[in-house]
Amino acid sequence: MKAIYHEGVQSLEGIQFGEVEQDKMGDDEVVVKIKTAGLNHRDLFIPNRHNESDSPLVLGSDGAGVIDAVGTNVTNVKVGDEVIVNPALGWEKNSAVPPEGFEITGFPFNGTFAEYITLPAENAVLKPEHLNWEEAGVLALSAMTAYRAMFTRGQLKAGQTELVPGATGGAGTFLMQFAKAKGATVFVTSRSEEKRAEALKLGADKAIDSEIDWDEQLNGEKADLVIESVGAATFNKSVDQLKRGGTLVAFGASAGDTVDFNLRKFFYGQFNLLGSTMASAEELHDMIDFIEKHDIKPVMDKTFKMEEIKRRSTI
């Protein structure tokens with residue numbers, strides 16, 4: 001089958017487009033014929049983690065398609081069903097932490113940037129009816145991450161205020177949409193004037209410049225919940241925007257893993273610091289119910305064909 005895969009060079013230079021062998025299907029697995037797949041930051045980091053000596057790895061965590069074949073023990077879906085790929089492998093029930101053995105599609109197992117993907121039947125979830133194929137193909141990874149961080153971990157409630165630094169990526173746009181649907185006030189930050197304008201169109205109550213004093217731009221208004229995915233570049237600014245007793249949930253560190261912060265100010269503020277990553281299948285189904293109820297759809301930038309991959313500077 002045709003696929004976008006990584007092999008040989010431990011960097012983006014190792015990304016290739018060509019023929020790879022399709023994984024064999026087990027009794028508890030299905031084969032999905034992929035119609036669309038979503039590109040995430042994670043997919044750009046994997047080529048630096050996949051060893052040069054390892055077998056070719058099909059990239060991609062998000063995808064949607066049609067069930068092409070089912071194993072003998074499969075009962076939850078049938079051939080012809082339209083599904084999305086749940087990228088969280090081995091995490092069924094909502095729990096404090098993922099169980100041992102939890103992995104994500106696209107590393108260390110083959111992902112969605114291919115004509116077909118073979119995966120456990122439980123990871124093939126019926127496509128939300130209100131989404132087209134492009135929207136369905138970019139949904140799961142970012143939306144699951146946002147849903148768990150905001151509701152399971154952050155416990156956001158109607159009437160509260162949420163701050164999302166760098167809220168213009170996939171998870172960030174869902175964080176805005178979910179919070180507004182819940183009835184919360186949403187503040188976001190971005191370095192880009194264009195992206196701040198787009199955030200306001202999506203419903204953000206305030207969109208401020210990341211590089212200008214946040215206190216001044218927010219007029220001293222503080223947040224009940226901050227969802228952090230930027231890391232070192234914004235962490236201390238985010239803590240400064242919390243109300244006393246507020247909560248900061250971190251699920252990413254794209255601008256640096258290591259942070260120094262004032263511990264005394266933190267405990268005097270009675271702040272809560274929580275980590276979060278991905279979500280369980282149970283939370284995925286709750287998230288789908290939520291977006292169907294509120295008619296929420298992913299925000300997409302552009303689409304392109306698999307064979308264009310080597311010509312795209314974005315990857």
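Count residues from 1 along the sequence. Source: prediction; values computed, not measured.
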Taking all atoms of both residues into account, what is the closest heavy-atom pair of [X] and [Y], and its distance?
X      : Y      : result
Val186 : Ala179 : CG2-CB, 3.4 Å
Arg42  : Thr105 : NH1-O, 3.0 Å
Gly38  : Asp43  : O-OD2, 3.6 Å

Hey, does the side chain of [X] reach the backbone of [Y] with a donor-acceptor pair shorter than 3.5 angstrom?
X      : Y      : value
Asn86  : Val125 : no
Glu19  : Met1   : yes
Gln155 : Thr152 : yes
Asn132 : Glu134 : yes
Lys127 : Leu131 : yes
Gln241 : Ser238 : no
Lys222 : Asp240 : yes
Trp91  : Lys93  : yes
Thr118 : Asp23  : yes

In terms of heavy-atom contacts, does [atom1] of [X] have more than 12 from other residues, nucleotides or ligands at under 6.0 Å?
X      : atom1 : value
Phe267 : CZ    : yes
Lys195 : NZ    : no
Asp260 : CG    : no

Would you indicate whether the side-chain heavy atoms of [Y] and [X] approach each other to under 4.5 Å?
X      : Y      : result
Leu202 : Val188 : no
Glu82  : Trp133 : yes
His130 : Glu292 : yes

* Asked: Is it true that Glu162 and Lys182 make a salt bridge, defined as a side-chain N closer than 4.0 Å to a carboxylate O?
  ->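 Salt bridge between Glu162 and Lys182, a charged N being under 4.0 Å from a carboxylate O: no.
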* To do: Going by the side-chain hydrogen bond (donor to acceptor under 3.5 Å, both in side chains) test, name the single residue among Asn40, Thr112, Thr36 that passes it with Asp62.
  =>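 The option that passes is Asn40.
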* Tell me, please, which residues at least two apart from Ser280 pass side-chain hydrogen bond (donor to acceptor under 3.5 Å, both in side chains). =>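 Testing Ser280 for side-chain hydrogen bond (donor to acceptor under 3.5 Å, both in side chains), a comparison that skips the adjacent residues, returns Glu283.
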* Asked: Among the clusters formed by ILVMFWY side chains lying less than 4.5 Å apart, do Val31 and Leu119 turn up in the same one?
  ->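 In one cluster with Val31: Leu119, no.
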* To do: Give a yes or no on whether Val32 and Ile288 share a hydrophobic cluster (residues Ile, Leu, Val, Met, Phe, Trp, Tyr; joining criterion: side-chain heavy atoms under 4.5 Å apart).
  =>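 No.
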* **For His41, ring-ring contact (aromatic ring centres under 6.0 Å, His included) partners two or more places apart** =>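 ring-ring contact (aromatic ring centres under 6.0 Å, His included) check on His41 returns nothing, list empty.
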* Spacing of Glu135 atom CD and Ile296 atom CD1 [to the nearest 0.5 Å] ->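 The CD atom of Glu135 sits 12.5 Å away from the CD1 atom of Ile296.
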* If you round to the nearest 0.5 Å, how far is CG of Asn272 from CG of Leu225? ->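 Between atom CG of Leu225 and atom CG of Asn272 there are 10.0 Å.
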